[in-house]
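Data block below; observations after.
Just follow the structure's listing: the first ligand is 1, and inside any ligand the first atom is 1.
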Amino acid sequence: MSAPMPAASAAIIGGVLPLHLPGRPAAPHSVEGLWRRAGRSWSTYRSARGAFVDLLARLGPRTVWLPAYLCTTLADAARAVAGQLRFYPLDGQLEPDVEALTAAPGDVVLVVHYFGRPPGAGLRALAAARPDIVWVEDRAQALDPAVPPFGDVLLYSPRELLGVPDGGVLVGVRHAFGGSSGAPGPEAAELARPLLLRLEAEEHNDLWYGAYRASEAAMPSGPAPMSRLTEALLARIDVEPVARARRDNYARLHAALADLALFPDPEPAWVPLGLPVRVVDAAALARRLALRRVFCARHWGELPSDADAFAREHRLARELLTLPCDQRYGAADMDRLARMVRERAR
Ligand SMILES: Cc1ncc(COP(=O)(O)O)c(C=O)c1O
């Protein structure tokens, strides 16, 4: 008689070793530590859009207010679950027009920290005066805005800022929220492919960029669990050197390109995503720089709002280019980048 097969749920013993992660340091300054500090709950997802969709499904608001300047992915995901979507305008430096934000009690309002910069006093005063609205701070581009939260919920997208495979995080400030359920499956392992290709084959930009595009295209728009690798890295990455490099590099770029910079801040306390510059034709400048293997993102080439109703925002979308100033770089890189932009921005 053969031995009975163990139940499929019995824990596996032996076999191939998984990726070895170093022990979790007592890191009060880890990214997770910093982001958690502001809130009562910490809920993780595969993407920020998935986190936002889960939040909306839980709250069931009548109307969701989004800024007219936003990525289409988040708006499309919200549209699928929101009762009604409304867009609100912003000024030339992406400050929300608070007069136009005529939200009703129970509505959800999403406010973006553009390029890492927190919104100004007008918006913060409105948020303080209207606790009957659910304020969501979209910090997808903001590692650390260096000001206390004004929102009920903070939304993060770690792979915008750090070399991690995926991720969306909801931090509940005024209320606690649940998280996505279930364990990540085999598809979560594929998410690391673009990062590993870049790590091992930096020169093959066709390979890692192709893998990145494929990975982003496969990103589910609903709530799915964060990969274990991202969970582990967020608890281990020391936030301080990342923040310092971003601020130093931004200040150096800003000093060289102040006349093109979107924001006046020469040395921000907040941690920048990049240096947004305003040029006549951002797409054309991006193409000219790419010929020299300098790759700059556009946030964003396409907007989800109506182009006639929000002409100023759509014009900004054509003009803004984000120059990288992240933790990979130092002063010499920023000087070279500034020179190349200066020569090609005309
Ligand atoms: C401001 C902002 N919010 C939300 C998102 C969506 O993040 P994710 O791709 O993790 O869904 C992005 C990504 O581009 C973003 O820049």
Side-chain angles (χ1 to χ4, degrees), residues 31 35 43-57 64-82 85 87-88 90 94-96 108-119 123 135-145 151 153-171 179-180 184 188 191 194-195 212-227 229-231 233-234 262 270-274 276 296-305 313 316-317 320-322 324 326:
V31 173
W35 290 356
S43 313
T44 58
Y45 301 84
R46 181 133 326 151
S47 65
R49 75 199 80 154
F52 192 48
V53 160
D54 191 43
L55 179 72
L56 295 179
V64 177
W65 294 73
L66 301 178
Y69 198 92
L70 187 67
C71 54
T72 51
T73 46
L74 191 64
D76 288 347
R79 191 172 278 119
V81 289
L85 270 197
F87 290 98
Y88 63 87
L90 304 116
L94 296 172
E95 280 295 333
V108 167
V109 179
L110 184 93
V111 179
V112 176
H113 293 244
Y114 293 103
F115 306 99
R117 188 181 196 240
L123 189 283
W135 296 93
V136 180
E137 289 187 40
D138 183 337
R139 297 183 171 197
Q141 302 184 341
L143 185 69
D144 181 4
V153 188
L154 315 179
L155 176 66
Y156 291 99
S157 177
R159 74 190 185 290
E160 304 286 323
L161 298 155
L162 305 159
V164 298
D166 66 321
V169 178
L170 279 185
V171 175
S180 69
L191 298 166
L195 284 77
Y212 165 78
R213 294 280 298 252
S215 182
E216 286 297 311
M219 190 62 77
S221 56
M226 182 184 275
S227 70
L229 182 54
T230 298
E231 295 251 15
L233 291 171
L234 292 182
L262 174 67
W270 42 274
V271 178
L273 170 77
C296 300
R298 289 179 64 203
H299 299 94
W300 294 275
E302 250 182 81
L303 302 182
S305 55
E313 290 81 355
L316 258 187
L320 287 188
L321 191 66
T322 311
D326 60 66

Subject >> A48 contact mode with ligand 1 (heavy-atom cut-off under 4.0 Å) >> reply: both
Subject >> Under 3.5 Å: N/O of S157 near N/O of ligand 1 >> reply: yes
**OP:** Would you mind listing which atoms of ligand 1 come within a distance below 4.0 Å of any non-hydrogen atom of L74?
**Re:** 3 (N), 4 (C)
Original post:
If we ignore angles and hydrogens, is there a donor and acceptor under 3.5 Å between the side chains of H113 and Q141?
Top reply: no
Original post:
If you measure from each non-hydrogen atom of W300 to ligand 1, which part falls under 4.0 Å: side chain, backbone, both or neither?
Top reply: side chain
Original post:
Nearest protein heavy atom to atom 15 (C) of ligand 1, by residue and atom, and its distance?
Top reply: A140 CB, 3.6 Å
Subject >> Atoms in ligand 1 flagged as close to E160, the criterion being non-hydrogen separation under 4.0 Å >> reply: 13 (C), 14 (O)
Subject >> Element-labelled atoms of ligand 1 that are located less than 4.0 Å from some non-hydrogen atom of R49 >> reply: 8 (P), 9 (O), 11 (O)
Subject >> Per-atom contacts of ligand 1 with D138, taking only distances under 4.0 Å to non-hydrogen atoms >> reply: 1 (C), 2 (C), 3 (N), 4 (C)
Subject >> From CA spacing to verdict: ring-ring contact (aromatic ring centres under 6.0 Å, His included), W65, F87 >> reply: CA-CA 6 Å; W65 294 73; F87 290 98; 9.9 Å; no
Subject >> Salt-bridge criterion met for R46 and D166 (N-O under 4.0 Å) >> reply: yes
Subject >> Location of contacts on R159 toward ligand 1, heavy atoms closer than 4.0 Å >> reply: side chain
**OP:** Check the side chains of E313 and S305 for a donor-acceptor pair under 3.5 angstrom, ignoring hydrogens and angles.
**Re:** no
Original post:
If every non-hydrogen atom of P67 is compared with every non-hydrogen atom of Y88, which pair is closest and at what distance?
Top reply: N-CE2, 3.4 Å
**OP:** Go through ligand 1 atom by atom and flag the ones less than 4.0 Å from a non-hydrogen atom of Q141.
**Re:** 16 (O)
Original post:
Given that the side chain starts at C-beta and the backbone is N, CA, C, O, which of these parts of S47 lies under 4.0 Å from ligand 1, counting heavy atoms, or is it both or neither?
Top reply: both
Subject >> Part of M219 with heavy atoms under 4.0 Å of ligand 1, whether side chain, backbone, both or neither >> reply: neither
**OP:** Provide, to 0.1 Å, the distance between atom 5 (C) of ligand 1 and the closest protein heavy atom, together with that atom's residue and name.
**Re:** C71 SG, 3.7 Å
